[in-house]
S.K.: 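Encoded as structure tokens, here's the structure I'll be asking about.
Every value quoted in this text rests on a predicted model; they were computed, and no experiment measured them.
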Amino acid sequence: MDMHTVVVGTSGTTAEEVVAVAREGARVELSAAAVEALAAAREIVEALAAKPEPVYGVSTGFGALASRHISPGLRAQLQRNIVRSHAAGMGPRVEREVVRALMFLRLKTVASGHTGVRPEVAQTMADVLNAGITPVVHEYGSLGCSGDLAPLSHCALTLMGEGDAEGPDGLVRPAAELLAAHGITPVELVEKEGLALLNGTDGMLGMLVLALADLKNLYTSADITAALSLEALLGTEKVLAPELHAIRPHPGQGASADNMLRVLAGSGLTGHHQDDVPRVQDAYSVRCAPQVNGAGRDTLTHGRLVADRELAAAVDNPVVLPGGRVESNGNFHGAPVAYVLDFLAIVAADLGSICERRTDRLLDKNRSHGLPPFLADDAGVDSGLMIAQYTQAALVSELKRLAVPASVDSIPSSAMQEDHVSMGWSAARKLRTAVGNLARIVAVELYAATRAVELRAAAGMTPAPASLAAVEALRAAGAQGPGPDRFLSPDLAAADAFVSRGGLVTAVEAVTGPLA
């Protein structure tokens, strides 16, 4: 576990802190202000619990059963029962990083002092994260309203010492055993606490934050591969001139054009080796790369804005307000997050589509301006990258299906009490698949473009220094086989890992300096 520590206060968290806890194993610590706010809110809840008047979530049932007043002797059982009954997820396990993000974000809301949870419950949540214990959470069970109920319930089960969890060694065991092994005492929930652990958008928000981090890398990588393809196709870099993009001032478009121009600096290929009939214009997939990539970048900016707002939020129902009021609300509805998740799936599909079109152009001898068919070493004897493009096309087709929005759907639940839901969890799950597929698509274009650049260099042309850095880094990453036949068996999985982990961006930035 990384010894970096994230301090959780009362005012939310940042995307960087979510990634640090979810992926890097950062430790979690409650601030003194958070402990104080937790204790103050708990006093208010306990005072309400002592009154004869029913208060939703404190002394009543939940959802369609909110009209039933629960006697004091049954309230602890009520809180345990809501966790047990709501832990009804099914299907494959959700990834460890998603569960850690979900747990951390729920702790963020609990620490705000708006939930009425005792400080010791919040501390147990931090202890479980710090011990590397990851509850078993399942793929299906959330409608995105009232928050991610089933996923959060499975996490709450672990706090109670029930259900299964994965230890830091990667083995799944009963949660009670794991807690005992790390000296953590299971919590015994009291009024309001079971409900407070379940009522949030934490799963979909965690996946949004992680997707935004991955897409930032992929959009920079796609600017690089677009530049390599333009260069390999002997296109013109004149369309990347800053003054052209200044008259259509979308920030993302200008950033993508600048990235491409910097990658192409020093190239002896662009615009200087045209065919007998000079091209006045390159194809859209080459010429309009900044416009398409840039529009996606601007969508990421909007996604970050929504994520930042949600990261600053306290999402629960009911909530403890300043002055001691406890009010029911609908802030657990996932619509704001769900819409953005769907929007990002759309731009991922379009970016994948334009990458594939450039790959196809590189492989077609009738449109590649002198490159061998399918970039084969001996076309006919071998098929070159023909089937790599098939794989890429299949991934693009899948991305288009994943772009169908989940947030336009709603299935009523809880006897029509919860009659409009967001499906934000579903939007987040399909976006994770889309992001993974997009990385593979970019990797295939990179493989084809670097192969084409090498062929141009072998013919006596001079690629850009940044292009040669990409060629060498991809080779060092093991994406090519050994010896002169290294392109016969492309290791596209290695190319995918190289792109996904930021290897391409790092290699090129060593030449260009930081890219947007």
S.K.: Do Leu159 and Pro186 have side chains that get closer than 4.5 Å, going by heavy atoms?
M.R.: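 Counting from C-beta outward, Leu159 and Pro186 never come under 4.5 Å.
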S.K.: Apply the side chain to side chain contact (heavy atoms under 4.5 Å, CB included) test between Arg80 and each candidate in Glu188, Glu193, Met160; give the one that qualifies.
M.R.: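 Result for side chain to side chain contact (heavy atoms under 4.5 Å, CB included) with Arg80: Met160.
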S.K.: Just wondering, do Leu195 and Pro318 contact through their side chains at under 4.5 Å, heavy atoms?
M.R.: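 In short, these two side chains touch, coming nearer than 4.5 Å.
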S.K.: State the CD-OG1 distance between Glu310 and Thr109, to the nearest 0.5 angstrom.
M.R.: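 Taking CD in Glu310 and OG1 in Thr109, the distance rounds to 8.0 Å.
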S.K.: Without hydrogens or angle criteria, can the side chains of Ser256 and Asp223 be said to hold a donor-acceptor pair below 3.5 Å?
M.R.: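 There is such a pair between these side chains.
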S.K.: Supply the atom-to-atom distance Leu197 CG to His86 NE2, rounded to the nearest 0.5 angstrom.
M.R.: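 Taking CG in Leu197 and NE2 in His86, the distance rounds to 12.0 Å.
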S.K.: Within the supplied structure, the quantity of interest is the number of heavy atoms (other residues, nucleotides, ligands) at a distance under 6.0 Å from Glu36 CD; does it exceed 12?
M.R.: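 Counting other residues, nucleotides and ligands, CD of Glu36 stays at 12 neighbours or fewer.
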S.K.: Decide yes or no on side chain to side chain contact (heavy atoms under 4.5 Å, CB included) for Glu139 and Arg429, but give the supporting numbers first.
M.R.: CA-CA 8 Å; Glu139 179 86 13; Arg429 296 306 295 166; 2.9 Å; yes
S.K.: Is any side-chain N of the basic residue among Arg100 and Glu97 closer than 4.0 Å to the acidic one's carboxylate O?
M.R.: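 Salt bridge between Arg100 and Glu97, a charged N being under 4.0 Å from a carboxylate O: no.
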S.K.: Side-chain contact, heavy-atom cut-off 4.5 Å: Arg84 with Glu162?
M.R.: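 They are in contact (side-chain heavy atoms under 4.5 Å apart), so the answer is yes.
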S.K.: Do other residues, nucleotides or ligands put more than 12 heavy atoms under 6.0 Å from the CZ atom of Phe343?
M.R.: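 No - once you tally the heavy atoms of other residues, nucleotides and ligands closer than 6.0 Å, there are 12 at most.
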S.K.: So do the side chains of Thr13 and Val8 get within less than 4.5 Å of each other, counting heavy atoms only?
M.R.: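 No - every pair of side-chain heavy atoms lies 4.5 Å or more apart.
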S.K.: Would you kindly say whether Asp342 and Ser407 are connected by a side-chain donor-acceptor distance under 3.5 Å?
M.R.: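 There is such a pair between these side chains.
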S.K.: Do you know which of Thr201, Asn199, Val421 makes side chain to side chain contact (heavy atoms under 4.5 Å, CB included) with Cys145?
M.R.: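 Answer to the side chain to side chain contact (heavy atoms under 4.5 Å, CB included) test with Cys145 among Thr201, Asn199, Val421: Val421.
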S.K.: What's the shortest heavy-atom distance between Ala307 and Val209, and which atoms?
M.R.: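 The pair with the smallest heavy-atom distance is CB-CG2, 4.5 Å.
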S.K.: Could Glu95 and Arg432 be called an ion pair, given the rule that one side-chain N must be under 4.0 Å from one carboxylate O?
M.R.: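 Salt bridge between Glu95 and Arg432, a charged N being under 4.0 Å from a carboxylate O: yes.
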S.K.: Are the side chain of Ser112 and the backbone N or O of Lys108 linked by a donor-acceptor pair below 3.5 Å?
M.R.: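 Checked: no pair found.
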S.K.: Should the pair Arg173-Glu166 be classified as a salt bridge under the 4.0 Å nitrogen-to-oxygen rule?
M.R.: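 Looking at Glu166 together with Arg173, the answer is no, because their closest N to O distance does not fall below 4.0 Å.
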S.K.: Answer yes or no: is there a side-chain heavy-atom contact under 4.5 Å between Tyr219 and Val347?
M.R.: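 Tyr219 reaches Val347 side chain to side chain.
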S.K.: Is the distance between the ring centroids of His250 and His245 under 6.0 Å?
M.R.: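 No, the ring centres sit 6.0 Å or more apart.
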S.K.: Could you walk me through whether Met125 and Val110 pass the side chain to side chain contact (heavy atoms under 4.5 Å, CB included) check?
M.R.: CA-CA 10 Å; Met125 297 171 75; Val110 166; 4.2 Å; yes
S.K.: Does the plane of the ring in His154 sit parallel, tilted or perpendicular to the ring in His138? Use 30° and 60° as the thresholds.
M.R.: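 His154 and His138: perpendicular rings.
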S.K.: Does Arg304 pair with Asp308 as a salt bridge, N-O distance under 4.0 Å?
M.R.: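 Not counted as a salt bridge, because no side-chain N and carboxylate O are separated by less than 4.0 Å.
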S.K.: Is there a salt bridge (charged side-chain N to carboxylate O under 4.0 Å, His left out) between Asp316 and Lys192? Walk through the geometry before answering.
M.R.: CA-CA 11 Å; Asp316 193 16; Lys192 179 67 172 65; 2.6 Å; yes
S.K.: How many angstroms lie between atom CG of Leu399 and atom CG of Asp350, to the nearest 0.5 angstrom?
M.R.: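 Taking CG in Leu399 and CG in Asp350, the distance rounds to 10.5 Å.
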S.K.: Checking Thr359 against Gln392: is there a side-chain donor and acceptor pair closer than 3.5 Å?
M.R.: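 The criterion, which ignores hydrogens and geometry beyond distance, is satisfied for Thr359 and Gln392.
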S.K.: Does one side chain, of Arg297 or Thr301, offer a donor that lies under 3.5 Å from an acceptor on the other?
M.R.: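 No - no donor-acceptor pair under 3.5 Å links their side chains.
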S.K.: Please tell me if the side chains of Val137 and Cys155 come closer than 4.5 Å, counting only heavy atoms from C-beta onward.
M.R.: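 Result yes, sub-4.5 Å side-chain heavy-atom pair found.
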S.K.: Grab the two heavy atoms, one from Thr158 and one from Pro135, that are nearest each other, plus how far apart they are.
M.R.: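 In terms of heavy atoms, the two residues are closest at OG1-CB, 3.2 Å.
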S.K.: Assess, by modelled atom type and distance only, whether the side chains of Glu231 and Ser467 contain a donor and an acceptor separated by less than 3.5 Å.
M.R.: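 There is such a pair (donor and acceptor under 3.5 Å, judged by atom type) between the side chains of Glu231 and Ser467.
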S.K.: Does Leu149 offer a backbone N or O that forms a donor-acceptor pair with the side chain of Ser153 under 3.5 Å?
M.R.: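 Pair found, side chain donor or acceptor close to backbone of Leu149.
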S.K.: Which pair of non-hydrogen atoms, one from Ala403 and one from Lys430, has the smallest distance, and what is that distance?
M.R.: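 Ala403 and Lys430 have their closest heavy atoms at C-NZ, 4.3 Å.
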S.K.: Check whether any side-chain N or O of Thr506 sits under 3.5 Å from a backbone N or O of Gly503 as a donor-acceptor pair, and report yes or no.
M.R.: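 Not a single qualifying donor-acceptor pair exists.
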S.K.: Show the nearest heavy-atom pair for residues Cys355 and Val442, with the distance to one decimal.
M.R.: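 Of all heavy-atom pairs spanning Cys355 and Val442, the closest is SG-CG2, 4.2 Å.
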S.K.: Rounded to the nearest 0.5 Å, how far does CG of Leu395 lie from CD of Glu356?
M.R.: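 Here the rounded value is 10.5 Å.
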S.K.: Is there a side-chain contact between Arg42 and Val117, using heavy atoms and a 4.5 Å cut-off?
M.R.: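 In short, these two side chains do not touch, never coming nearer than 4.5 Å.
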S.K.: Using a strict 4.0 Å threshold on nitrogen-to-oxygen distance, state whether Arg501 and Asp496 make a salt bridge.
M.R.: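 No, no charged N to carboxylate O under 4.0 Å.
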S.K.: When you compare the side chain of Leu515 with that of Arg262, does any pair of heavy atoms fall below 4.5 Å?
M.R.: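 Sidechains of Leu515 and Arg262: in contact.
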S.K.: Nearest 0.5 angstrom please: Arg118 CZ to Glu191 CD, how far?
M.R.: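 So the gap between those two atoms works out to 9.5 Å.
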S.K.: Do NZ/NE/NH1/NH2 and the carboxylate oxygens of Asp214 and Arg23 come within less than 4.0 Å?
M.R.: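 Salt bridge: yes.
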S.K.: Check whether His114 reaches the backbone of Ala314 with its side chain - one donor and one acceptor, N or O, closer than 3.5 Å.
M.R.: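 Side chain of His114 to backbone of Ala314, a donor-acceptor pair under 3.5 Å: no, none is there.
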S.K.: Closest approach of Ala466 and Thr512, non-hydrogen atoms and distance?
M.R.: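 Heavy atoms of Ala466 and Thr512 come nearest at CB-CG2, 3.9 Å.
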S.K.: Please round to the nearest 0.5 Å and tell me the distance separating atom CG of Leu171 and atom CG of Leu178.
M.R.: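 Answer rounded to 0.5 Å: 9.0 Å.
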S.K.: Hey, does the side chain of Asp298 reach the backbone of Gly252 with a donor-acceptor pair shorter than 3.5 angstrom?
M.R.: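 Side chain of Asp298 to backbone of Gly252: a pair is present.
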S.K.: For Ala165 and Ile133, which heavy atoms make the closest approach, and how far apart are they?
M.R.: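 For Ala165 and Ile133, the tightest heavy-atom pair comes out as CB-CG2, 3.8 Å.
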S.K.: Check whether Ser422 reaches the backbone of Gly144 with its side chain - one donor and one acceptor, N or O, closer than 3.5 Å.
M.R.: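 Yes: the side chain of Ser422 pairs with the backbone of Gly144.
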S.K.: Regarding Asp148 and Arg106, does a basic nitrogen lie under 4.0 Å from an acidic carboxylate oxygen?
M.R.: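 Arg106 and Asp148: not salt-bridged.
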